[in-house]
Amino acid sequence: MTGPRLILVNGPPATGKSTLAHRYAAERPLTLNLDIDRVRDLIGGWAAQPGPAGLLAREIALSAARVHLLAGHDVIVPQLLARPRFLLEAESLASSLNVPFHEVALLDTKENCLRRFATRAATRAATRAGTRAGTPISDISEIEALYDGFLALIATRPRTRRVASREGDVEGTYRALLESLA
């Protein structure tokens, strides 16, 4: 058994971040699947103040990750990031604890991401997976902007491991994720 590691799975909406993180944690006892949106949902009245609540959720997540890594267990964080702040904070945390930091980007074309998101949104009416900062994402231009921001961010991160998100092939995408972590 290797020591603990911090894994951040970044990607546009509907590319499988949460599905892959859930599977990874399910196969590795005591791994923490640290979904920041779920942490945010625990903050009372977060929807009235989504910006401050989101920042608090990220701070709470980093604290939880610290505790879990110090206990000797993996932490996997499925999160869309289009700005570097949290990414750099997570990387700094891993470095301060001397644990490996794995940054993985799930990739698909913009057109596929838009279609996948629309399909998911049609089957999940305004769930947390279809929200951003407390507001349902319904404007295609917002999804396009998130996609573009995500690509711009990972372009600045040469050590990011890129994994093709294969629609309908969770098993293949999961194997590719595991290979990227090897």
Side-chain angles (χ1 to χ4, degrees), residues 2 4-41 58 61 65 73-84 86-87 90-91 94 100-133 136-182:
T2 62
R5 56 189 171 177
L6 178 56
I7 304 162
L8 194 143
V9 180
N10 193 1
T15 53
K17 298 178 300 293
S18 295
T19 299
L20 296 175
H22 177 78
R23 172 122 180 235
Y24 182 88
E27 291 181 1
R28 287 159 186 79
L30 301 180
T31 291
L32 176 61
N33 177 1
L34 190 51
D35 185 328
I36 296 171
D37 292 340
R38 290 180 69 189
V39 172
R40 183 206 59 216
D41 291 346
R58 287 179 175 194
H73 307 290
D74 285 0
V75 175
I76 187 164
V77 183
Q79 183 70 31
L80 165 60
L81 299 171
R83 295 187 201 124
F86 182 78
L87 182 62
E91 186 174 39
F101 178 68
H102 299 275
E103 180 183 342
V104 178
L106 293 179
L107 299 170
D108 200 348
T109 66
K110 184 186 288 189
E111 295 74 23
N112 283 347
C113 287
L114 293 172
R115 184 182 42 71
R116 289 168 77 167
F117 180 79
T119 300
R120 182 180 72 185
T123 59
R124 295 186 194 175
T127 64
R128 76 164 172 80
T131 64
R132 181 169 168 265
I137 300 172
S138 57
D139 184 357
I140 292 300
S141 65
E142 186 175 359
I143 299 294
E144 289 176 330
L146 288 170
Y147 182 91
D148 293 342
F150 158 74
L151 284 184
L153 176 62
I154 66 168
T156 68
R157 309 278 304 166
R159 294 190 319 177
T160 299
R161 295 156 186 183
R162 289 149 173 82
V163 171
S165 174
R166 300 176 186 106
E167 185 175 12
D169 185 11
V170 173
E171 186 63 33
T173 303
Y174 183 66
R175 278 193 312 272
L177 170 69
L178 293 179
E179 289 169 11
S180 79
L181 300 175

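Here the structure is a predicted model, which is why all the values come from computation and not from measurement.
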Which heavy atom of Thr173 sits nearest a heavy atom of Arg166, and at what distance?
-> OG1-N, 2.9 Å

Could you grab the distance from atom NE2 of His22 to atom CG of Asp35, nearest 0.5 Å is fine?
-> 11.5 Å

Rounding to 0.5 Å, atoms CZ (Phe117) and CD1 (Ile143) come to a distance of 4.0 Å

With sequence neighbours excluded, tell me which residues meet side chain to side chain donor-acceptor pair (under 3.5 Å) with Asp148.
-> Lys110

Polar side-chain atom of Arg5 near backbone of Leu181 as donor-acceptor pair, under 3.5 Å | yes

Test salt bridge (Lys or Arg N to Asp or Glu O under 4.0 Å) applied to Arg175 - qualifying residues, sequence neighbours left out | Glu171

Drop me the distance from Arg23's CZ to Leu178's CG, to the nearest 0.5 angstrom.
-> 7.5 Å

Mind checking the CG-CG spacing from Leu114 to Asp108? Nearest 0.5 Å is all I need.
-> 10.0 Å

If you measure from the Lys or Arg side-chain nitrogens to the Asp or Glu carboxylate oxygens, is any gap between Asp41 and Arg38 under 4.0 Å?
-> no

Least distance between heavy atoms, Arg83 atom then Leu153 atom | O-CD2, 3.7 Å

Least distance between heavy atoms, Ala25 atom then Asn33 atom = CB-CB, 3.9 Å

So do the side chains of Asn112 and Thr15 get within less than 4.5 Å of each other, counting heavy atoms only?
-> no

Heavy-atom check, side chain of Pro13 versus side chain of Leu80, under 4.5 Å = yes

Euclidean distance, Ile7 CD1 relative to Arg161 CZ, rounded to 0.5 Å | 9.0 Å

List the atom of Lys17, the atom of Val9, and the distance in Å for their closest heavy-atom pair.
-> CD-O, 3.6 Å

Atom of Gln79, atom of Asn10 and distance for their closest heavy-atom approach = O-OD1, 3.1 Å

With Leu34 as reference, evaluate Leu6, Val77, Leu8 under the side chain to side chain contact (heavy atoms under 4.5 Å, CB included) test and give the passing residue.
-> Val77

Test item: Leu106 and Phe150 side chains (from C-beta on) under 4.5 Å apart, heavy atoms | no

Taken in chain and number order and not counting sequence neighbours, the residues that satisfy salt bridge (Lys or Arg N to Asp or Glu O under 4.0 Å) with Arg115 are Glu167

Roughly how far apart are Asp37 CG and Ser18 OG, rounded to 0.5 Å?
-> 7.5 Å

Specify the closest pair of heavy atoms between Ala14 and Arg116, including all atoms of both residues, with the distance to one decimal.
-> O-NE, 3.1 Å

With distance as the sole test, does Arg162 use its side chain to make a donor-acceptor pair with the main-chain N or O of Ile154 at under 3.5 Å?
-> yes

